[in-house]
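Single-structure report; data block below.
Both backbone and side-chain heavy atoms feed into the values below; hydrogens, waters and symmetry mates do not. These figures come from a predicted structure and were not determined experimentally.
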Amino acid sequence: MRVLVTGGAGFIGSHIVQALLSAGHEPTVLDIRPPEAAGAAGVPAEVPWIRADVRDAQALAGVLPGAQAVCHQAAMVGLGKDFADAPEYVSVNDLGTARLLAAMAQAGVRDLVLAGSMVVYGEGRYDCARHGQVRPGPRRVAELDAGHFEPPCPECGAPLLPGLVDEEDPVDPRSVYAATKLAQENLAAAWARDVGGRAISLRYHNVYGDRMPRDTPYAGVAAFFRSALEAGRPPRVFEDGAQRRDFVHVTDVARANVAALGALADRPAGGARAYNVGSGQPHTVGEMATALAEARGGPAPVVTGEYRRGDVRHITASSARLQKELDCFPRVAFADGVRSFATAPLRSP
């Protein structure tokens, strides 16, 4: 299959290109980086490479004819620095996706795998002993300032037990980035209905692994910790470190993309479907920091009590749908993945 990978030189995209090659597909990279970056990106030199912004309609019109599917990874990621980033997030993520989908419609490309995100759920699933499953509202600044990080039951104020979200749980984006990721899914669904396309959104949980970018406010928490350790500094753990996440290795994410591309042929035309992509093994942010520090032999983490507005307390995945429908299971255990990541090369942002 001939597959255009937008953002194919990025952290996740480059691993997807490698997985596609291993599976016998023919990927083409579209990325804002120059082709000279292929070696650092881990992309073999023989892979066709178009240097362009995903918002460049002319470039898209030139590269899409001949493609049989698109794996859309190009995006601005992370919580960012402040709300001043909002126009750029919307432009790259939503305008870029709209331009891509319009070009796909014109070129007759009808299969799409979209890089979704767990951030669309907002706070994850919670259960109250008295009221059952509940949806806590945004955490209040006064409570966070006082070091009260756990969201209480919105009905009675009692402590909550966090659980696993599945794809049928309500969406509740709580940051600009989250809002743009949900908009991407909605655009893809509208495109599929309009042109008879087939779309799969893979809602990545906390992806980590080699070639993560270093020293950037837009990276994931694992990259923050790894960058600090590489510089000889202790990882700085926000809140109390007990935030639950599902850390999934990038090679498992890449394999999920290949599985999704293979499953599109069996999907009904005009439809879109979402899949969580996680490891199924929740760990706390503090556990990730400690495991990385121990594996690298660096300074122990420092728990700071700081917090980021728009961040959520607990979000962990049920990937049962991915496993059942796409026959795709995680292979990299947390301990093995962290041990490898502790000394793996990072890249400049």
Side-chain angles (χ1 to χ4, degrees), residues 77-79 116-183 185-186 201-208 220-222 237-248 253 273-291 303-324 330 334:
V77 301
L79 281 180
S117 175
M118 54 84 177
V119 295
V120 300
Y121 296 111
E123 284 287 352
R125 174 175 179 153
Y126 291 87
D127 291 295
C128 172
R130 180 180 176 187
H131 294 98
Q133 187 173 349
V134 295
R135 301 285 299 177
R139 297 183 294 172
R140 295 182 298 174
V141 170
E143 293 296 313
L144 294 170
D145 285 340
H148 301 150
F149 302 119
E150 294 287 347
C153 175
E155 302 293 334
C156 65
L160 297 174
L161 180 66
L164 304 180
V165 294
D166 63 34
E167 294 83 356
E168 300 308 316
D169 280 324
V171 291
D172 183 17
R174 296 190 176 185
S175 68
V176 171
Y177 171 59
T180 65
K181 295 307 289 184
L182 183 57
E185 289 195 1
N186 290 335
S201 176
L202 298 177
R203 291 175 176 170
Y204 304 157
H205 283 246
N206 286 69
V207 188
Y208 73 100
V221 67
V237 179
F238 281 15
E239 301 187 18
D240 58 1
Q243 309 95 298
R244 284 162 50 99
R245 296 291 187 268
D246 188 326
F247 294 100
V248 57
V253 171
R273 191 156 177 80
Y275 294 87
N276 288 334
V277 181
S279 71
Q281 299 177 335
H283 290 274
T284 68
V285 170
E287 286 172 344
M288 168 58 87
T290 298
V303 178
T304 70
E306 298 171 85
Y307 63 87
R308 295 192 299 176
R309 296 282 297 272
D311 212 348
V312 298
R313 181 60 174 173
H314 303 297
I315 175 69
T316 52
S318 167
S319 297
R321 176 184 289 183
L322 181 78
Q323 295 170 8
K324 179 180 179 181
F334 179 78

For F149, which residues count as a ring-ring contact (aromatic ring centres under 6.0 Å, His included) partner, sequence neighbours excluded? none

What I'd like to find out is whether the side chain of [X] reaches to under 4.5 Å of the side chain of [Y], using heavy atoms alone.
X: C153; Y: R130; value: no
X: V221; Y: F247; value: yes
X: I315; Y: R245; value: yes
X: M288; Y: V237; value: no
X: Q133; Y: D169; value: yes

Can you list everything that forms a side-chain hydrogen bond (donor to acceptor under 3.5 Å, both in side chains) with [X]? Sequence neighbours excluded, please.
X: Y121; value: R203, N276
X: Y208; value: none
X: D166; value: none
X: H205; value: none

Between [X] (side chain) and [Y] (backbone), is there a donor-acceptor pair under 3.5 Å?
X: Q243; Y: G241; value: yes
X: Y204; Y: V248; value: no
X: H314; Y: G124; value: no

Could you tell me which residues satisfy side chain to side chain contact (heavy atoms under 4.5 Å, CB included) with S117, sequence neighbours excluded, listed by chain and number? V119, Y177, K181

Could you tell me which residues satisfy side chain to side chain contact (heavy atoms under 4.5 Å, CB included) with A291, sequence neighbours excluded, listed by chain and number? F334, V338

Minimal non-hydrogen separation, [X] against [Y], with atom names:
X: P151; Y: P136; answer: CB-CB, 3.8 Å
X: T304; Y: F238; answer: OG1-CD1, 3.6 Å
X: E167; Y: A274; answer: CG-O, 3.4 Å
X: G116; Y: E185; answer: CA-OE2, 4.4 Å

Going from CG on L202 to CE on M118, what distance comes out if it is rounded to the nearest 0.5 angstrom? 14.5 Å

Spacing of E150 atom CD and D240 atom CG [to the nearest 0.5 Å]: 7.0 Å

Checking [X] now: which residues fulfil salt bridge (Lys or Arg N to Asp or Glu O under 4.0 Å) with it, not counting sequence neighbours?
X: E239; answer: R139, R313
X: D172; answer: R174
X: R273; answer: E325
X: R140; answer: E143

Flag for D246-T316: side-chain donor and acceptor within less than 3.5 Å: no

Show me the side-chain donor-acceptor pairs of residues 154-165 shorter than 3.5 Å, one per line, residues at least two apart or across chains.
none

